[in-house]
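Start at 1 and go down the list; that is how both ligands and their atoms are numbered. Along the sequence shown, residues carry numbers from 1.
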Amino acid sequence: MDRKKFLWTSLLGALIPAGKFSFSGKSEQVVGPVVISTWDNRKANRAAWDILSKAGTALDAVEAGARVPEADPADHSVGYGGYPDRTGKVTLDACIMNEESRCGSVAFLQDIKHPVSVARKVLESSPHVMLVGEGARQFAMKQGFKKENLLTDHAREVWESWKKNPEFPVTSWDKYINHDTIGILALDEQGNLSGACTTSGIGMKMHGRVGDSPLIGAGLFVDKEIGAAAATGVGEEVIRVAGSHLVVELMRHGSSPVEACKQAVDRIVSNNGGQMEGQVGFLALNKNGEYGGYSIQPGYSYAIRDMKTEELVKSKSRF
Ligand code: GLY
């Protein structure tokens, strides 16, 4: 790294207290290991940082981080406590990817609390990249995961209230998704990158619907030469542009993380004739430790943790 930039980054790092909130429309840079995640997932980052700060791997770190909201019943868009689909079933999507382009993914998985860990088992203990539905559940149980009821009383009440007046406009975004998917990216002490993504998807979705989060290239992409990206928001829009792969490819062609996220957002907005009500946010981290995010609508944020700071950054948005 450029020495002047190193010193300036170190000085800034020393001045930033833990827990700082900031607003950023440009790419920032860190030195050393770092973890970033969509939305206010600072607790997830802490779990990841525990591993990174002890010279652990980025892959272990992102899995540990993603498991935090998966286990949190107050998080209604990830794992246990996630809002169900229209039939009252909680169905989960997740994936994980390392610096060697090795990946594992599960979709439409039911009754298993930690889909990200099942995805990791798919990566490590199966000849495949992706398992779905009943096959994914059977695989998980053979791997020792236990069957659990993931529908909390609160989530059931929300579903029962929705059933009295069932509708599914995109504007249900605010009502049925309190913060959406976690995408989490890490760079470890060895300079290796990994990422994970996990979600219960859009609340009150059609039974069988799968979003972007378990799709390598849509919800998550990692390229050891360039960097990593993750997406959050309306998965259908992210899939249409292969969003996370697009962000990484834009970085390959010279864009900074924020510029790449912005161009991917612009592509989605353009696909929709220049106007949109739904939200999509991207997050990107390159090999040099530069990171950034960008979203369609205001309100998107991302959390960062490195050796100097723990911070929640409000992202810039197209609208
Ligand atoms: N981004 C999460 C989903 O659409 O399922």
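Per-residue contacts place Thr181 under 4.0 angstrom from the following atoms of ligand 1 (heavy atoms of the residue considered): 1 (N), 2 (C). Remark: ligand 1 atoms within the under-4.0 Å shell around heavy atoms of Gly233 are 1 (N), 2 (C), 3 (C), 4 (O). Near Ser213, meaning under 4.0 Å from any of its heavy atoms, are these atoms of ligand 1: 1 (N), 2 (C). Close approach of ligand 1 to Gly201 is summarised as follows: ligand atoms under 4.0 Å from at least one heavy atom of the residue are 5 (O). Heavy-atom contacts of Asp212 reach the following atoms of ligand 1: 1 (N), 2 (C), 3 (C), 4 (O) (cutoff under 4.0 Å).
When non-hydrogen atoms are compared, ligand 1 lies under 4.0 Å from the side chain of Arg209 (C-beta onward) but not from its backbone.
Asn272 places no side-chain N or O within donor-acceptor distance of the main-chain N or O of Gln275, the cut-off being under 3.5 Å. Using modelled atom types, no side-chain atom of Trp39 and backbone atom of Tyr300 make a donor-acceptor pair closer than 3.5 Å.
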Legend entry - Chi angles and distances behind the side-chain hydrogen bond (donor to acceptor under 3.5 Å, both in side chains) call for Gln138, Glu134: CA-CA 6 Å; Gln138 282 173 14; Glu134 184 54 24; 3.1 Å; yes
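For Arg156, the side-chain hydrogen bond (donor to acceptor under 3.5 Å, both in side chains) criterion is met by Asp153, not counting sequence neighbours.
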Do any side-chain atoms of residues 53-62 form donor-acceptor pairs under 3.5 angstrom with protein atoms, and if so which ones, sequence neighbours left out?
residue, atom, partner, partner atom, Å
Ser53, OG, Trp49, O, 2.7
Ser53, OG, Asp50, O, 3.4
Thr57, OG1, Asp60, N, 3.0
Thr57, OG1, Asp60, OD2, 3.4
Asp60, OD1, Arg120, NH1, 2.6
Asp60, OD1, Arg120, NH2, 3.0

